[in-house]
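These notes are about the structure you will find just below.
All values derive from a computational prediction rather than experimental measurement. All residue numbers refer to positions in the sequence shown, counting from 1. Order of appearance sets the numbers: ligands from 1, and atoms from 1 within every ligand.
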Amino acid sequence: MQILIVGTGYVGLVTGACFAEMGHTVTCLDINEEKIEMLKKGLCPIFEPGLDELVKRNLQQKRLSFTTDYKKSVREAKICFIAVPTPSRADGSCDISYVENAARQIAQHMDDYRIIVNKSTVPVGTAARVSAIIREEKGSSFAFDVVSNPEFLKEGAAIQDCLKPDRIIIGASSTKAIEILREIYSPFTLSHDRILIMDILSAEMTKYAANAMLALRISFMNEMAAVCKEVGANINEVRKGIGSDTRIGYSFLYPGAGYGGSCFPKDVRALIATAKNVGCQPLLLEAVDAVNEKQKTVLGKNMLQYFASRGGVKNKTIGVWGLSFKPDTDDMREAPSITFIRSLLKEGANLRLFDPISMSNAKKMLGDSSQITWCENEFEAANTADAVALLTEWKQFRLVDFHEIRKNMKGIAFFDGRNQYKPFEMKEKGFDYIAIGVPDQLQS
Ligand code: NAD
C-alpha cells in the first residue's frame, strides 16, 4: 500500500522506514529541505540505533523515498500519517499548529478519498479539528476519514518498538478506515493481535495517560530518593524491594537527575492544561511536573553543597559524562544535563563535556563559552577535574577503569546522577561518591 508520512523526524522517519521494511511503499515528506536532501542520499539526520541501515536498504530497494512535494505525494498515497511536532506553548498547553498546517496542506491536494492518521501526540479533540480543516478546504460532501493512531516508540529502541509494538491503538469511527489500518499493520501483528480499536477521543487520551503514568513513576521514585537520603536509607535497595512486588514491577522505578526528552515534560504539561480546560483539578499531574523540575536541580545543588566547604565551585573544573536526555539517542530536548551545566556555568565553574553521540546537538544548545571544553571521551572529560558528574547512563560508562580516571583527576568527587555505580566500591577506589537517594560515601 502506498503510504505518506508527513514529518520526517524521530517518529516519522522510524515509522516510514519500518513500514517500508514490512513491504509497503512509503514516501516521507518534510518541509526541511536540507533534511530531505540528506535522506535522499541515504544519510540519516538523527541518531537512532539501526535506523541508518534500514533507511539505506529500503531506499535502495525503492520502497522508501523522500520529498518536500505535498501535491505529488498526497495524490499518490491512499493514507497520510501526520508525525509533526506538537510542542508546548508558554502556558504548557499543546501547540497543534504544525498538525493544523500539515492537515491543511494535505487537504489542498486530496483528489479522492483519503485517510488522515494523527500519529503526533495531540490533545483530545484534535482529530475533530483536523476533520474541520479538511471540510473547510474540500467542502462537506468530500469523503475522507480521520484516525487517531498515537505512537509509543522509545528513542534509543525505536526500531524494535516500531517493528514489535506492545500495542497498536487505532481510534476511529469508520469501519473502512479501521480495515485499511488493520491491513497496513498486519505484518506487525503476525505472532498475535496487538491492535486495540477504540473511539477517537479515548485513543487521543490514552497516549497522554500512558506518558503521564510513566512520568509519575519516575517522579515518585525521585521523591522517595529525597526522603531516603535524609533518613539514611538507600533508594537502590528500596527500588528492588518494591519492584519485586508484581503489582508494582521494576520498570520506570529508577531515580535520577529528572526525566527529559521531547515527550514526558511536554505531555504532562499538556494534560494538565487539558484537565484544567475542562474544569478538573490535576493535582497529581502538577506534582509530577513540579517534582521533576526540582529534581533537575538536585545534582547541581549537591555539588554546590559539596564544594561549599572546599573553597566553592567557582573556578573548579567539572567533568560531565553524558549529555543526551537518555542513552542511545542524540536528542537533547529538555535534557537534565542542560539545567545542570547552566547552573554550574552561572557559578563560575569550568566544564569538560563529553557525550558519545549528542555533542553537536549539545553545542547548538549551549553555544560557545570559554568555560566549556568539548572532550573526545570520558577520560579526557575527567582529566584535571575536581569532580566528575554522570548525567546520562551510556553503556560505555558502566565498566570504566576508575583507577585510571582517579589518577588523572585533580579532585576526588564523583556525582552519580543515574545511580550506576556501587557506593562502597567507589569509596574504596578513592572517590567521594555522591548519588541520588543514597548515603554519601566520603573519604573523611
Ligand atoms: P521531530 O521534531 O523529530 O520531527 C518532526 C518533523 O516534522 C521535523 O522534521 C519538521 O521539519 C517536520 N514538520 C514540521 N511541520 C511540517 C509540515 N507542515 N509538513 C511536513 N513536515 C513538517 O518530532 P518527533 O520527535 O518525531 O515527534 C513528532 C510527534 O510524535 C510529536 O507529537 C511527539 O510528541 C510524538 N512522539 C514523539 C516520540 C519521540 O520519542 N520522539 C514518541 C512518541 C510520540
Problem set entry | Validation row, ring centre Tyr185 to ring centre Phe19 under 6.0 Å | yes
Problem set entry | Per-atom contacts, ligand 1 versus Val6 - under 4.0 Å to a heavy atom | 19 (N), 20 (C)
Problem set entry | N/O separation below 3.5 Å, Lys266 to ligand 1 | yes
Exercise. Below 4.5 Å, heavy atoms only, C-beta onward: do Glu378 and Phe397 meet side chain to side chain?
Worked result: yes
Exercise. Tell me: protein heavy atom nearest atom 35 (C) of ligand 1, and distance?
Worked result: Thr121 OG1, 3.4 Å
For this session: Using a strict cut-off of 4.0 Å, indicate which atoms of ligand 1 neighbour a heavy atom of Glu155.
Result: 39 (C), 40 (O), 41 (N)
Exercise. Numbering the atoms of ligand 1 from 1, which are under 4.0 Å from a heavy atom of Ala83?
Worked result: 5 (C), 28 (C)
Problem set entry | Enumerated ligand 1 atoms positioned under 4.0 Å from heavy atoms of Gly9 | 1 (P), 3 (O), 4 (O), 6 (C), 26 (O)
Exercise. Would Ser186 and Met22 count as a side-chain contact (heavy atoms from CB on, under 4.5 Å) if you check the C-alpha gap in whole Å, the side-chain angles of each, and the deciding distance to 0.1 Å?
Worked result: CA-CA 9 Å; Ser186 59; Met22 291 297 191; over 6 Å; no
Problem set entry | Ile169 side, atom CD1; Arg194 side, atom CZ - distance, nearest 0.5 Å | 13.5 Å
Seminar exercise, completed: Min over Gly7, Pro150, Gly12, Pro85 of heavy-atom distance to atom 5 (C) of ligand 1 lands on Pro85
Exercise. Near Leu29, which atoms of ligand 1 are under 4.0 Å from a heavy atom of that residue?
Worked result: 20 (C)
Exercise. With atoms numbered from 1 as shown, which atoms in ligand 1 lie under 4.0 angstrom from a non-hydrogen atom of Arg333?
Worked result: 1 (P), 2 (O), 3 (O), 23 (O), 25 (O)
Seminar exercise, completed: Of all protein heavy atoms, the one nearest atom 27 (O) of ligand 1 is Val11 CG2, 4.1 Å
For this session: Enter the distance from Ser360:OG to Trp374:CH2 here, rounded to the nearest 0.5 Å.
Result: 9.5 Å
Problem set entry | Selection from Asn211, Thr86, Asp331, Asp30 by shortest heavy-atom distance to atom 10 (C) of ligand 1 | Asp30
Exercise. Within 45° of the six-membered ring axis of Phe152 and under 6.0 Å from that ring's centre, is NZ or CZ of Arg167 located there?
Worked result: yes
For this session: Using the ring-ring contact (aromatic ring centres under 6.0 Å, His included) rule, take Tyr421 and Phe414 through it: C-alpha gap first, then chi angles, then the decisive distance, then the call.
Result: CA-CA 10 Å; Tyr421 307 110; Phe414 194 97; 5.4 Å; yes
Problem set entry | Selected option - heavy-atom contact closest to atom 18 (N) of ligand 1, from Phe152, Phe264, Tyr70, Tyr10 | Tyr70
Exercise. Tell me, which protein residue and heavy-atom name are nearest atom 43 (C) of ligand 1, and how many Å apart are they?
Worked result: Glu151 O, 3.3 Å
Problem set entry | Evaluation steps, salt bridge (Lys or Arg N to Asp or Glu O under 4.0 Å), between Glu334 and Arg269 | CA-CA 13 Å; Glu334 302 233 19; Arg269 286 175 209 141; 3.3 Å; yes
Exercise. In the protein, what heavy atom is nearest to atom 42 (C) of ligand 1, and what distance, to one decimal place, separates them?
Worked result: Leu153 O, 3.6 Å
Exercise. Taking side chain as C-beta onward, heavy atoms only, is Asn302 less than 4.5 Å from Phe415?
Worked result: yes
Seminar exercise, completed: Filtering Asp161, Ile36, Val122, Val84 for the heavy atom nearest atom 22 (C) of ligand 1 leaves Val84
Problem set entry | Region of Ser120 engaging ligand 1 - heavy atom pairs below 4.0 Å | both
Exercise. If you draw the axis of the six-membered ring of Phe144, does the NZ or CZ of Lys138 fall within 45° of it and under 6.0 Å from the ring centre?
Worked result: no
For this session: Could you tell me whether Tyr98 and ligand 1 have an N or O pair separated by under 3.5 Å?
Result: no
Exercise. How close do Asp112 and Phe142 get, heavy atom to heavy atom, and via which atoms?
Worked result: O-CZ, 3.3 Å
Problem set entry | Lys154 near ligand 1 by a heavy-atom separation under 4.0 Å | no
Exercise. Which protein heavy atom lies closest to atom 15 (N) of ligand 1, and at what distance to 0.1 Å?
Worked result: Ile31 CD1, 3.5 Å
For this session: Taking only heavy atoms of Gln105 into account, list the atoms of ligand 1 that are under 4.0 Å away from them.
Result: 18 (N)
Problem set entry | Row check, Phe66 ring normal vs Lys41 NZ/CZ: under 6.0 Å, within 45° | no
Seminar exercise, completed: Note: ligand 1 atoms sitting under 4.0 Å from heavy atoms of Lys35 are 8 (C), 9 (O)
Exercise. How long is the span from the OG1 atom in Thr126 to the CD1 atom in Ile200, to the nearest 0.5 Å?
Worked result: 11.0 Å
